[in-house]
Amino acid sequence: MSVRDDRYDVAVVGVGGMGSATAYHLADRGLDVVGLERYDIPHSQGSSHGITRIIRRAYYEHPSYVPLIERAYDLWDDLAEETGRKVIHRTGSIDAGPEDNDVFAGSKRSCEEHDIPHEVLTGAEVNERFPGYELPEEYRAVYQEDGGFIVPEQAIIAHTEAAQARGAEIRARERVEDWAETNDGGVRVRTDRGVYVADALVLAAGAWNYKLADALDGLAIPERQALAWFQPESPATFAPEEFPVWNLSVPEGRFYGFPVHDVPGFKLGKYHHRDEEVDPDDFDREPNRADEAILRDVTEKYFPEAAGPTMSLATCMFTNSPDEHFILDTLPDHPQVAVGAGFSGHGFKFASVIGEILADLVVEGESDLPLDMFSLDRFE
């Protein structure tokens, strides 16, 4: 096994949504970076694929996310301008449910606390304005015009190419087996192809993070998810310019979805699809009829014109923290190791700013953005 002669400033494990952005921000600071990815760039084995990913300024999960999402929007626009890749599409966003439900009430609260322009609509008003919806008339919805979606594969390519243009070394099909601290306070990373030595390390390996850091055991738990694309009767009704992305809380659970984009079909998924905790190296990646039925039943009820023939099914993974908030911190006994984990199914929209934060943590030990609620010590 070869040992690389060069010593890097930072090694990044995982070059998906978060890792590619981290490699970019580190390289943009003039640092020598190596990014190590076990699969292709991009790939469909983890959590950074699926054609479209929601982005929204209204944030029902917690108002503290709003400063991060504001910065993420700026960085996505900058990336699109620099690379010429249309990584962000604005369609508007709908967060809907019963009036006292967290999806509606939390979204409204975040808009009010951070002066985000928005409208409050009844279910009937949503249905009239956007005919693809058929929400209960008494439901309430927050409509925010800047909501939309990120194209994850294009985002990863854009960040990777921009990092490479700044001198980063990105290596795919190279699985990290372990890492250890060196005598001088750096890190030695061993892969199935060689050994890399760096001053610092970023763990951005998604569902595999807990296998690389004992501190994440039980705190970053992979979960199997499923997605479906159904062909609408009238695809134009579900085009991006006519149909906002959405989050919807209903008796059947909490669901999210998208307009038709790039591939045939109206796309949707369910948070915590079947509550299946999994080993990312050993689970059923093939979607099945039970997965499809969960998603089709909700489509038929709330988006009936979209419930045509199945176009595609796919699986991916969430990696959940106990409180479903992110983990952005350095490891307790290894301050030279930063980790981004536990994104709990709502992280990809933040990838552009997560990359900046992880670069801050590994280089400066802190970030100017508010991170207290994302620290590891909250679980002690």
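Both backbone and side-chain heavy atoms feed into the values below; hydrogens, waters and symmetry mates do not. Source: prediction; values computed, not measured.
- You'll find the side chain of Val337 stays beyond 4.5 Å of the side chain of Val339, heavy atoms only.
- Residue Glu177 is tested with Arg193, Arg190, Lys211 for a side chain to side chain contact (heavy atoms under 4.5 Å, CB included); the sole match is Arg190.
- The two residues Ala341 and Ala220 make their nearest non-hydrogen contact at CB-CB, 4.3 Å.
- The aromatic rings of Tyr8 and Tyr196 are tilted relative to each other, their planes meeting at an angle between 30° and 60°.
- Of the N and O atoms on the side chains of Glu181 and Gln336, at least one donor lies less than 3.5 Å from an acceptor on the other residue.
- Counting heavy-atom neighbours within 6.0 Å of Asp214 CG, excluding the residue itself, gives a total of 12 or less.
- Side chain to side chain, Glu134 and Asn127 fail the donor-acceptor criterion of an N or O pair below 3.5 Å.
- Side chains of Ile116 and Asp146 form no contact here, defined as non-hydrogen atoms less than 4.5 Å apart.
- The same ILVMFWY cluster, assembled from side-chain heavy atoms under 4.5 Å apart, contains both Leu371 and Val66.
- Using bins of under 30°, 30° to 60° and over 60° for the plane-to-plane angle, the ring pair His159/His25 lands in the tilted bin.
- A salt bridge does not link Glu276 with Lys270: none of the charged nitrogens is closer than 4.0 Å to a carboxylate oxygen.
- Scanning all heavy atoms of the two residues, the minimum distance from Ala72 to Lys349 falls at CB-O, 3.8 Å.
- Of the options Tyr133, Phe258, Phe255, a ring-ring contact (aromatic ring centres under 6.0 Å, His included) to Phe303 is made by Tyr133 and by none of the others.
- Checked for salt-bridge contact, Arg129 and Glu119 meet the test: a charged N lies under 4.0 Å from a carboxylate O.
- Electrostatic pairing of Asp281 and Arg38 counts as a salt bridge here, judged by a charged N lying under 4.0 Å from a carboxylate O.
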Could you please spell out the steps behind the ring pair (Phe, Tyr, Trp, His ring centres under 6.0 Å) verdict for Trp179 and His334? CA-CA 12 Å; Trp179 63 272; His334 303 283; 5.1 Å; yes

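- Scanning for ring pair (Phe, Tyr, Trp, His ring centres under 6.0 Å) contacts around His49 gives an empty result, with sequence neighbours left out.
- In this structure, Arg254 contributes its side chain and Val250 its backbone to no donor-acceptor pair below 3.5 Å.
- In this pair, His272 and Phe318 present their aromatic rings perpendicular. The plane angle is above 60°, beyond the 30 to 60° band.
- Under the 4.0 Å criterion applied to side-chain N and carboxylate O atoms, Glu380 and Arg378 are not assigned as salt-bridge partners.
- The same ILVMFWY cluster, assembled from side-chain heavy atoms under 4.5 Å apart, contains both Ile69 and Leu79.
- Between Val120 and Lys108 the shortest side-chain heavy-atom distance falls below 4.5 Å.
- In the hydrophobic clustering of ILVMFWY residues, with side-chain heavy atoms under 4.5 Å counting as a link, Leu268 and Leu135 come out together.
- We find that Asp360 and Arg29 are joined by a salt bridge, their nearest charged nitrogen and carboxylate oxygen being less than 4.0 Å apart.
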Pair Phe343-Phe348, ring pair (Phe, Tyr, Trp, His ring centres under 6.0 Å): steps then yes or no: CA-CA 8 Å; Phe343 295 107; Phe348 196 96; 9.8 Å; no

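- Side-chain contact between Leu36 and Val15 is absent, with no heavy-atom pair separated by less than 4.5 Å.
- Ring orientation note: the planes of Tyr59 and Tyr65 are tilted relative to one another, at an angle of 30° to 60°.
- Within a 6.0 Å sphere centred on CD of Glu138, other residues, nucleotides and ligands contribute more than 12 heavy atoms.
- In this structure, Glu137 places its CD atom where only 12 or fewer heavy-atom neighbours from other residues, nucleotides or ligands lie under 6.0 Å away.
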If you apply the rule ring pair (Phe, Tyr, Trp, His ring centres under 6.0 Å), what do you find for Phe149 with His261, and how did you get there?
CA-CA 10 Å; Phe149 58 86; His261 174 75; 4.8 Å; yes

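- Between the side chains of Glu174 and Thr191, at least one donor N or O sits under 3.5 Å from an acceptor N or O.
- Counting heavy-atom neighbours within 6.0 Å of Glu112 CD, excluding the residue itself, gives a total above 12.
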_side-chain contact (heavy atoms from CB on, under 4.5 Å) for Phe230 and Arg296? Distances and angles first, verdict last._
CA-CA 8 Å; Phe230 301 128; Arg296 179 170 289 283; 3.2 Å; yes

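- For Glu82, the CD atom sits in a packed shell: over 12 heavy atoms of surrounding residues, nucleotides or ligands are nearer than 6.0 Å.
- Salt-bridge formation is detected for the pair Asp291/Arg224: a Lys NZ or Arg NE/NH1/NH2 atom is positioned less than 4.0 Å from an Asp or Glu carboxylate oxygen.
- Looking at Asp178 and Arg188, no side-chain N of the basic residue comes within less than 4.0 Å of a carboxylate O on the acidic one, giving no salt bridge.
- Proximity of Glu169 to Val33: side-chain heavy atoms (C-beta onward) are nowhere separated by under 4.5 Å.
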Quick one: side chains of residues 234-249, donor-acceptor pairs under 3.5 Å with protein atoms, not counting sequence neighbours, listed by atom name and distance.
residue	atom	partner	partner atom	Å
Ser234	OG	Thr237	OG1	3.3
Asn247	OD1	Tyr60	OH	3.1
Asn247	OD1	Tyr271	OH	2.8
Ser249	OG	Asn101	OD1	3.3
Ser249	OG	Asn101	ND2	2.9

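- Under the 4.5 Å side-chain heavy-atom criterion for grouping Ile, Leu, Val, Met, Phe, Trp and Tyr, Val10 is connected to Leu361 within one hydrophobic cluster.
- In this structure, Pro98 and Tyr139 have side chains that are in contact, with non-hydrogen atoms separated by less than 4.5 Å.
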Exercise. Please report the C-alpha distance between Tyr143 and Val126 in whole Å, then the side-chain angles of each, then the deciding distance to 0.1 Å, and finally whether the side-chain contact (heavy atoms from CB on, under 4.5 Å) criterion is met.
Key: CA-CA 9 Å; Tyr143 172 71; Val126 171; over 6 Å; no

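- Taking the six-membered ring for Trp and thresholds of 30 and 60 degrees, His62 and His325 have ring planes more than 60 degrees apart, a perpendicular arrangement.
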Please lay out, stage by stage, how Glu70 and Arg57 fare under the test salt bridge (charged side-chain N to carboxylate O under 4.0 Å, His left out).
CA-CA 7 Å; Glu70 297 288 355; Arg57 292 190 192 273; 2.4 Å; yes

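- Linking Ile, Leu, Val, Met, Phe, Trp and Tyr whenever their side-chain heavy atoms come within less than 4.5 Å leaves Val363 and Val187 in two separate clusters.
- Residue Gly269 comes nearest to Leu227 through the heavy atom pair CA-CD2, 4.1 Å, listed as atom of the first residue, atom of the second, then distance.
- Heavy atoms only, all atoms of each residue included: Pro370 and Leu68 are closest at O-CD1, 4.0 Å.
- Inter-residue side-chain proximity for Leu376 and Ile327 is flagged as met; some heavy-atom pair is nearer than 4.5 Å.
- In this structure, Tyr39 and Glu37 have side chains that are in contact, with non-hydrogen atoms separated by less than 4.5 Å.
- The minimum heavy-atom distance between Met18 and Gly347, with the atom names listed, is CE-O, 3.3 Å.
- Across every non-hydrogen atom of Ala207 and Thr319, the tightest pair is CA-OG1, 3.3 Å.
- A side-chain donor-acceptor contact under 3.5 Å links Asp192 to the backbone of Arg175.
- In Glu145, the CD atom is not crowded: 12 or fewer heavy atoms of neighbouring residues, nucleotides or ligands sit closer than 6.0 Å.
- The side chain to side chain donor-acceptor pair (under 3.5 Å) check on Asp368 picks up nothing, with sequence neighbours excluded.
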Walk me through whether Glu61 and Arg56 qualify under salt bridge (charged side-chain N to carboxylate O under 4.0 Å, His left out).
CA-CA 11 Å; Glu61 288 84 349; Arg56 49 191 163 89; 2.7 Å; yes

